[in-house]
Number of protein chains: 2
Amino acid sequence: MTETIKPFSHLYWMRFAYQEAEKAFELGEVPVGAVIVLNHHIIGRGHNMCETLQDATAHAEILAITAASDNLKSWRLEKATLYVTLEPCPMCAGAMVNARVQTVVYGLEDPNAGACDSLYHLCEDPRLNHRLRVHNGYMRDQIKDLMEMFFQRLRDK
Amino acid sequence: MTETIKPFSHLYWMRFAYQEAEKAFELGEVPVGAVIVLNHHIIGRGHNMCETLQDATAHAEILAITAASDNLKSWRLEKATLYVTLEPCPMCAGAMVNARVQTVVYGLEDPNAGACDSLYHLCEDPRLNHRLRVHNGYMRDQIKDLMEMFFQRLRDK
């Protein structure tokens, strides 16, 4: 069965975030990937590089935000949507607020560190100076499989 | 009157963070500075560079964490203390948790975005996989003066 994916839909863009997650997987990193989209174009990409760079701040979202800002020559990512395979942690949710990202779309929830819905609602806190729209669940099962494959491989080592 | 500052005390190290904040002030950035200390040595420094780099992730703490990790060749900053003039925002508090920083010492509270005490207690959340000790109030008045001078200068422009 061939699934038809509407161009420029959330699912369409999440596939690019998933491709980034696969790059992290190949590097032996926790497989998380992100892309930032503005006006139907990807303006920044990133995949988790914490082990490769030995830097705990090198999450997919942070690298994608830095890339997008460099691309736009502006720290303000207003009207942009960030797609990420896993629910962002507090650092990344906070970074999206700081960068004024308009919308975040994530695939799989993270009960251990998720800061959009699971542990905190950082993206929708009326006390902070910016709020994002939050959507989730896109490609959830495929992302869950990739995460489980990663942790299974770790255990088998 | 000459104030005696005990070497290697929290106040001693906060003066270096304050010097970093002054560098940000000179650049026209919100004046926040940070240093990371391990075994009586500064292993990373940073001052807010968001406008200069046009990158919302370029807070003092993030730059200091990246510098310290590069220095140690490790993303794990265990046993390190991060000194920062202003209470960290959610992004930076989350980054310190991710980097396993042992202790954070900040000067001035931030009622608008502070995530160590004011709006959140991200550094001491038992649900996350690491917790930091939190101290505050060092050089508070001097830091408050520097912040106020910055915002006064902005209004006068």
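The sequence lines fix the lettering, A, B, ..., with proteins before strands; numbering per chain opens at 1.
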Could you list which of residues 36-51 of chain A have a heavy atom closer than 4.5 Å to any heavy atom of chain B, in residue-number order?
A/Cys50, A/Glu51
If you group Ile, Leu, Val, Met, Phe, Trp and Tyr by side-chain heavy-atom gaps below 4.5 Å, do A/Leu154 and A/Leu27 land in one group?
no
Single-linkage hydrophobic cluster, 4.5 Å side-chain cutoff, A/Leu63 and A/Val35 together
no
If I measure from the heavy atoms of chain A, does B/Thr57 come under 4.5 Å with its side chain, its backbone, both, or neither?
side chain
Is the NZ atom of A/Lys144 crowded by more than 12 outside heavy atoms at less than 6.0 Å?
no
Within-4.5 Å side-chain heavy-atom neighbours: B/Leu53 and A/Trp75:
no
Find out if a path of hydrophobic residues (ILVMFWY) with successive side-chain heavy-atom gaps under 4.5 Å connects A/Phe151 to A/Tyr18.
yes
At a 4.5 Å cut-off on heavy atoms, which part of A/Asp55 comes close to chain B: side chain, backbone, both, or neither?
both
So which heavy atom on A/Ala99 is nearest to which on B/Ala56, and how close?
CA-CB, 3.6 Å
Do the side chains of B/Gln54 and A/Ser74 get nearer than 4.5 Å, heavy atoms only?
yes
Taking a hydrophobic cluster as the set of Ile, Leu, Val, Met, Phe, Trp and Tyr residues connected by side-chain heavy atoms closer than 4.5 Å, whether directly or through intermediates, do A/Leu108 and A/Met149 fall within one such cluster?
yes
Considering all heavy atoms of both residues, which atom of B/Asn112 and which atom of A/Leu128 are nearest to each other, and what is their separation?
O-CD2, 3.9 Å
Should A/Val105 and A/Ile5 be regarded as members of a common hydrophobic cluster, given that ILVMFWY residues are connected when their side-chain heavy atoms come within less than 4.5 Å of each other, either directly or indirectly?
yes
More than 12 heavy atoms from other groups under 6.0 Å of CZ on A/Arg15:
no
Quick one: list whatever passes side-chain hydrogen bond (donor to acceptor under 3.5 Å, both in side chains) with B/Arg127, sequence neighbours left out.
B/Asp125
Listed by number, the residues in residues 84-95 of chain A that come under 4.5 Å of chain B (heavy atom to heavy atom) are A/Cys89, A/Pro90, A/Met91, A/Gly94, A/Ala95
With B/Asp110, which residues qualify under side-chain hydrogen bond (donor to acceptor under 3.5 Å, both in side chains), at least two apart?
none
Identify which of B/Asn129, B/Ile65, B/Ile62, B/Leu122 forms the greatest number of heavy-atom pairs closer than 4.5 Å to chain A.
B/Leu122
